[in-house]
Amino acid sequence: MSEMTLLQDLKARGLVAQMTSEEELEKHLAEGSVTLYCGFDPTADSLHLGHLVPLLMLKRFQDYGHRPIALVGGATGLIGDPSFKAQERQLNSGEVVAEWSNCLKGQISRFIDFNDESGAILANNYDWTSGIDTLTFLRDIGKHFTVNKMIAKESVKQRIEREDSGISFTEFTYQILQSFDYQQLNKAYGCTLQIGGSDQWGNITGGIDLTRRMNGAQAHGMTLPLITKSDGTKFGKTEGGAVWLDAAKTSPYAFYQFWLNTPDADVYRFLKYFTFLSVEEIDALEKADAERQGRPEAQSVLAREVTRLVHGDDGLLAAQRITDALFSGDLSDLSETDYEQLGQDGLPSSELDVAALAETPMTTLLSDAGVATNGKQVKDALQRQAVIVNGNACGVEDNMKAAEIFAAERAVFGRFFMVKLGKKKHHLFKLA
RNA sequence: GGUGGGAUUCCCGAGUGGCCAAAGGGAUCAGACUGUAAAUCUGACGCGCGAGCUUCGGUGGUUCGAAUCCACCUCCCACCA
């Protein structure tokens, strides 16, 4: 490890958007082990890529000897954070939020070490929020907030100024709840640093104020930058929507492919954000890539590192196994068990009923299987000889010949068909 | 409350009675080139293999024929009070 302090490293990685006095924070972190927290609200049954940077950030602090608290927002998730949201959100039921909270807990614990007693803490703000009664809340906590300040926050400003959408009292109260979390964690665990996305700045400073007023303690805050892409499109989205951390929702293979497809213009920045490789290593990689002709190394390093972080060695192996099989040339050296494995590893696959194929055009068959979004795309691909079944290209004239193309005697090992549409879309059909 | 403007296919945005499934751009998908890049070029882009079917805020109407004209309704925007 280099001589850099944690803060210097984070800055070198571009991971700091805003922070309370840098000088004081630097000093505070140097004094010894600091307890810090980051909250994750259960807005779905899985975390997604947007949560990854803060999650890894907790781990970065832990690696430097600090103690992270991962806070699951079982309470705040019931209310909904209005920060920079254009519209009021739909409330989710208590059971749903509780269930989602559990999902998040499981995921978070894979990233951070909760083992030894001085290690990380997993908390749920439902524990100290649910039991509080209205009058106590209003008198003991509410009294510390002036509406003037609350209204002035940039994160709710547009909602307050907009005539059409507005903001409910419920969501408006969110910042008080989050501030209360900080104060509670400060009291219970001596937590003195909160981190979060850059949209959380207002909520974090609110918590710092409340902690000072109620606990007489000095607390700090830091926000992480919003991850942007060089082409202006939203980071973390694919054709299928969000990229989830749950292997059941985004397979390790799809996850690996997502990173492998990172544009050159973003890849070194992402390496700094999403991996634990040192800044020097990443800079060296960038230099080496620039000097070499052809394909850069960076994407595969990024894909490897992040997939391992999220899905472990097994997930990474599965993803690489599929990738090698599909993109390294020919499939003929795959064994029967390899085929079986591909399906289990997360390659999109489905069962095929040959008997029902006589009347089914390829366009329908493939779009139903999810290889393309509609028949037109399949037709287009057929016209360009871009549909490949077990290595044989199909044309438009084959559209009505599905029964022939997928005849059992043509199947690999008597039951597999690898269908490729274009260069990147693969689908495995298994005879029923 | 008053007056004027607007709502078009994923997004932006043309279209003011037939030649409109609807210009153009963006996004997206595929092909060439490449590195499973970028840039560029080509094609597709409401749904359907096809015949054909369903669209232009909503509901009715005029007409042989309406995204385009009329009536009412809903929602946005601007100005006035």
Side-chain angles (χ1 to χ4, degrees), chain A residues 86-87 158 161-166 229-243 251-271 285-286 288-304 307 319-331 342 346-348 356-389 393-406 418-427:
Chain A
Q87 286 196 324
Q158 60 158 324
E161 285 170 357
R162 270 181 80 151
E163 298 138 24
D164 53 318
S165 81
K229 289 211 314 186
S230 52
D231 62 4
T233 56
K234 212 168 182 175
F235 169 78
K237 293 267 186 277
T238 59
E239 225 188 314
V243 177
S251 73
Y253 164 67
F255 190 84
Y256 183 82
Q257 285 289 323
F258 170 83
W259 293 105
L260 209 54
N261 282 298
T262 305
D264 291 4
D266 295 320
V267 70
Y268 303 101
R269 203 159 44 90
F270 287 1
L271 278 164
L285 178 63
E286 179 167 10
D289 278 342
E291 282 165 5
R292 187 161 9 88
Q293 290 295 311
R295 182 177 202 156
E297 196 84 18
Q299 278 86 349
S300 50
V301 173
L302 179 65
R304 184 185 66 218
T307 306
Q320 288 178 326
R321 207 157 39 221
I322 300 180
T323 298
D324 287 348
L326 299 183
F327 292 95
S328 72
D330 85 306
L331 298 161
L342 290 181
L347 178 71
L357 246 41
E359 293 297 309
T360 316
M362 294 282 281
T363 47
T364 307
L365 178 69
L366 297 186
S367 53
D368 284 355
V371 185
T373 52
N374 57 40
K376 278 265 173 28
Q377 284 186 4
V378 179
K379 187 183 161 195
D380 182 51
L382 283 171
Q383 274 161 355
R384 289 161 180 276
Q385 302 285 309
V387 175
I388 319 255
V389 180
C394 303
V396 238
E397 70 281 1
D398 296 314
N399 193 29
M400 293 310 292
K401 294 185 189 160
E404 201 177 303
I405 291 166
F406 290 99
M418 182 66 78
V419 174
K420 187 166 104 157
L421 191 154
K423 271 180 250 184
K424 298 185 191 174
K425 292 176 185 165
H426 298 84
H427 192 97

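Every value quoted in this text rests on a predicted model; they were computed, and no experiment measured them. In the text below, chain A, chain B and the rest are named by the order of the sequence lines, each starting its count at 1.
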Quiz item: Between Trp259(A) and Phe235(A), how do the two ring planes meet: parallel, tilted or perpendicular, split at 30° and 60°?
Solution: tilted

Quiz item: What does Gln299(A) touch in the nucleic acid at a heavy-atom separation under 4.0 angstrom: a base, only the sugar-phosphate, or nothing?
Solution: base

Practice problem: Answer with base, sugar-phosphate or nothing: what part of the nucleic acid does Lys424(A) contact at a heavy-atom distance below 4.0 Å? | Solution: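 Touches a base.
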
Atom [atom1], compared across [N] and [M]: separation rounded to whole Å:
N: G13(B); M: C77(B); atom1: P; value: 15 Å
N: C47(B); M: G15(B); atom1: P; value: 26 Å
N: A30(B); M: U62(B); atom1: P; value: 49 Å
N: A37(B); M: A78(B); atom1: P; value: 45 Å
N: C12(B); M: U28(B); atom1: C1'; value: 15 Å
N: G18(B); M: C69(B); atom1: C1'; value: 14 Å
N: A7(B); M: U16(B); atom1: C1'; value: 15 Å
N: A23(B); M: A14(B); atom1: C1'; value: 6 Å

Could you let me know what [N] is paired to, Watson-Crick or G-U wobble, both distances under 3.5 Å, or none if it's on its own?
N: A39(B); result: none
N: U68(B); result: none
N: C75(B); result: G6(B)
N: A27(B); result: none
N: G1(B); result: C80(B)
N: G46(B); result: C53(B)
N: C20(B); result: none

Separation of [N] [atom2] from [X] [atom1] (nearest whole Å):
X: Leu302(A); N: A37(B); atom1: CG; atom2: P; value: 16 Å
X: Leu421(A); N: U36(B); atom1: CG; atom2: C1'; value: 14 Å
X: Leu382(A); N: G50(B); atom1: CG; atom2: P; value: 11 Å
X: Asn261(A); N: U34(B); atom1: CG; atom2: C1'; value: 14 Å
X: Phe258(A); N: A37(B); atom1: CZ; atom2: C1'; value: 15 Å
X: Gln377(A); N: G31(B); atom1: CD; atom2: P; value: 11 Å
X: Lys401(A); N: G50(B); atom1: NZ; atom2: C1'; value: 16 Å
X: Leu260(A); N: A37(B); atom1: CG; atom2: P; value: 10 Å

Between [X] and [Y] (side chain of the first, backbone of the second, donor and acceptor by atom type, cut-off under 3.5 Å), is there such a pair?
X: Asn399(A); Y: Pro361(A); result: no
X: Asp264(A); Y: Val267(A); result: no
X: Asp398(A); Y: Ile405(A); result: no

Self-check item: Close side-chain approach of Leu421(A) and Gln377(A), heavy atoms under 4.5 Å
Solution: no

Quiz prompt | Contact check, side chains of Lys420(A) and Val371(A), non-hydrogen atoms, under 4.5 Å | solution =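 No. Closest side-chain heavy atoms not under 4.5 Å.
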
Practice problem: In plain terms, say whether Arg384(A) and Asp380(A) are close enough for a salt bridge, that is, a side-chain N and a carboxylate O under 4.0 Å apart. | Solution: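 Salt bridge present between Arg384(A) and Asp380(A).
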
Quiz prompt | Gln383(A) or Pro361(A), whichever maps to the more 5' nucleotide of RNA chain B | solution =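 Final value for this comparison: Gln383(A).
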
Quiz item: Does Ala381(A) or Glu359(A) map to a spot on RNA chain B nearer the 5' end, using the closest nucleotide for each?
Solution: Ala381(A)

Go through the N and O atoms of the side chain of [X] and the base of [N], and report whether any donor-acceptor pair is under 3.5 Å.
X: Asn374(A); N: G48(B); value: no
X: Lys425(A); N: U36(B); value: no
X: Gln257(A); N: U36(B); value: yes

Using only side-chain N and O atoms of [X], determine if any of them is under 4.0 Å from OP1 or OP2 of [N].
X: Arg384(A); N: G43(B); result: no
X: Lys379(A); N: C29(B); result: no
X: Thr364(A); N: C49(B); result: yes

Select one nucleotide: of [options], the one nearest the side-chain heavy atoms of [X].
X: Asp380(A); options: U36(B), A37(B), A30(B); answer: A30(B)
X: Lys423(A); options: A37(B), A30(B), C49(B); answer: A37(B)
X: Lys376(A); options: U36(B), A30(B), G48(B); answer: G48(B)
X: Asn399(A); options: C49(B), U42(B), U34(B); answer: C49(B)

Quiz item: Any idea which heavy atoms bring Phe327(A) and Lys423(A) closest together, and the distance?
Solution: CE2-O, 3.5 Å

